[in-house]
Amino acid sequence: MLSLTVNTCRPPGPSDGDSDTEEDTFDINAPPPDPVEAPIEHAAYKLRQETAKFVEEDNDMITAARKIAQKFQQMAKYTKGRREILELGQTDEESCQPRASTSSYISEKSDFNSMTDMIKTCREIIALTKTIQKHANMISMNCPDKRLVYSLANSMEPIGMLSQQLNIIASVKAAATGRYDEAAEVEADEMLTVNAQNLMKSVRNTVRASEACSVKMLSNPNVKLQFKRKK
């Protein structure tokens, strides 16, 4: 069983607005982050590429998927900056605040101020996956094309398990106290990275499969979700 011991210091991050509302700042033509150096950011970019194709109005699935990508992006920035500070020991013993030499981290545009924010965001992501599952289930129940229904079922099946795994990761971090343990921190970050990549891939596949099903249900009054591609 993984046991984490983490520093309770609170690396600062500027809260310059709610990232959930920044849907127009994504550049679909921008080069993707490096999948090796920034695996979570790369997976989030791929998911944002998918959601940016659609108009969000009347489509809670697209909105939820976009927010999942944005929240994982913020988590990745916070984790990277926090580990940099802790590994370098750039904190004042009494205040547990980063010293002036860590200004490069402070300039990171993470909305998180503490591990508590990260744990809260994990649970917000889990809630968003439930929104996606709810709408995907509604689509699968009303789609007349069994082949497409099967594809949608396979796409969304991993989401529940991956959400449970993310909840476990959040619970482990919530229970962690004490001094910084580099080995435990690295292991926890690796778990989070794999989970984030797989979860966002499953969400991306579910969006694609849902759109394919929706084409077969244009006249079905039971499904309110509209997959309108941007012009």
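For this chain, numbers begin at 1 and follow the sequence in order.
- Closest of all the heavy-atom pairs between Pro39 and Thr193 is CG-CG2, 3.5 Å.
- Evaluation of the side-chain contact (heavy atoms from CB on, under 4.5 Å) rule for Pro31 yields no partner, not counting sequence neighbours.
- Counting heavy atoms from C-beta on, the side chains of Leu152 and Ser210 come closer than 4.5 Å.
- Checked against side chain to side chain donor-acceptor pair (under 3.5 Å), Gln49 has the following partners two or more places apart in sequence or in another chain: Tyr45.
- At least one donor-acceptor pair closer than 3.5 Å links the side chain of Asn59 to the backbone N or O of Gln226.
- Residues Gln70 and Arg66 are in side-chain contact: their nearest non-hydrogen atoms beyond the backbone lie under 4.5 Å apart.
- Not counting sequence neighbours, Gln133 has no partner by the side chain to side chain donor-acceptor pair (under 3.5 Å) test.
- Remark: Asn195 pairs with Phe72, Leu162, Gln165, Leu166, Ile169, Leu199 by the side-chain contact (heavy atoms from CB on, under 4.5 Å) rule, at least two apart or across chains.
- In this structure, Met156 and Val203 have side chains that are not in contact, with every pair of non-hydrogen atoms separated by 4.5 Å or more.
- Here OG of Ser151 is found 8.0 Å from CG of Asn205. Values are rounded to the nearest 0.5 Å.
- Taking every heavy atom of both residues into account, Ala65 and Leu47 meet most closely at O-CD2, 3.4 Å.
- Inter-residue side-chain proximity for Leu128 and Lys71 is flagged as met; some heavy-atom pair is nearer than 4.5 Å.
- Judged purely by atom type and a 3.5 angstrom limit, Thr63 has no side-chain atom pairing as donor or acceptor with the backbone of Asp60.
- Partners of Arg147 under the salt bridge (Lys or Arg N to Asp or Glu O under 4.0 Å) rule, at least two apart in sequence or in another chain, do not exist in this structure.
- The hydrophobic cluster containing Ile68 also contains Ile119, counting ILVMFWY residues as joined when their side-chain heavy atoms lie under 4.5 angstrom apart, directly or transitively.
- Counting only heavy atoms from C-beta outward, the side chains of Glu211 and Val207 never approach each other to under 4.5 Å.
- Screening residues 194-231 for ring-ring contact (aromatic ring centres under 6.0 Å, His included), with sequence neighbours left out, gives Phe54-Phe227.
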side-chain contact (heavy atoms from CB on, under 4.5 Å) between Thr121 and Gln74, worked out:
CA-CA 9 Å; Thr121 299; Gln74 290 295 328; 5.9 Å; no

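- Residues Arg204 and Lys201 form a side-chain contact, since some pair of their non-hydrogen atoms from C-beta on lies under 4.5 Å apart.
- Applying the side chain to side chain donor-acceptor pair (under 3.5 Å) test to Gln197 and every residue at least two apart in sequence or in another chain returns nothing.
- The two residues Lys216 and Cys143 make their nearest non-hydrogen contact at CB-SG, 4.2 Å.
- For the residue pair Ser163 / Thr129, a side-chain donor-acceptor distance below 3.5 Å is found, with atom types taken as modelled.
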Run the side-chain contact (heavy atoms from CB on, under 4.5 Å) test on Ser214 and Leu225 for me, step by step, so that the C-alpha distance in whole Å, both residues' side-chain angles and the decisive distance to 0.1 Å come before the verdict.
CA-CA 8 Å; Ser214 71; Leu225 226 57; over 6 Å; no

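- With sequence neighbours excluded, the residues satisfying side-chain contact (heavy atoms from CB on, under 4.5 Å) with Ala44 are Ala69, Gln73, Met200.
- Using a 4.5 Å heavy-atom cutoff, the side chains of Ile139 and Met217 are in contact.
- Listed by chain and residue number, Glu57, Lys228, Lys230 satisfy the side-chain contact (heavy atoms from CB on, under 4.5 Å) test with Val55 (two or more places apart in sequence, or in another chain).
- In terms of heavy atoms, Ser202 sits closest to Ile159 at CB-CG1, 3.8 Å.
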Assess the residue pair Met61 and Thr131 against the criterion (side-chain contact (heavy atoms from CB on, under 4.5 Å)); give the C-alpha distance rounded to whole Å, side-chain angles, the decisive distance to 0.1 Å, and a yes or no.
CA-CA 7 Å; Met61 179 184 287; Thr131 296; over 6 Å; no

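- Side-chain contact check for Thr206 versus His135: every heavy-atom pair is 4.5 Å or farther apart.
- With sequence neighbours left out, Lys53 forms a side chain to side chain donor-acceptor pair (under 3.5 Å) with Glu50.
- Checked by atom type and distance alone, the side chain of His42 never pairs as donor or acceptor with a backbone atom of Asp34 at under 3.5 Å.
- Note on Val215 and Met141: separate hydrophobic clusters, where clusters join Ile, Leu, Val, Met, Phe, Trp and Tyr whose side-chain heavy atoms are under 4.5 Å apart, directly or indirectly.
- Partners of Lys120 by salt bridge (Lys or Arg N to Asp or Glu O under 4.0 Å), not counting sequence neighbours, listed by chain and number: Glu124.
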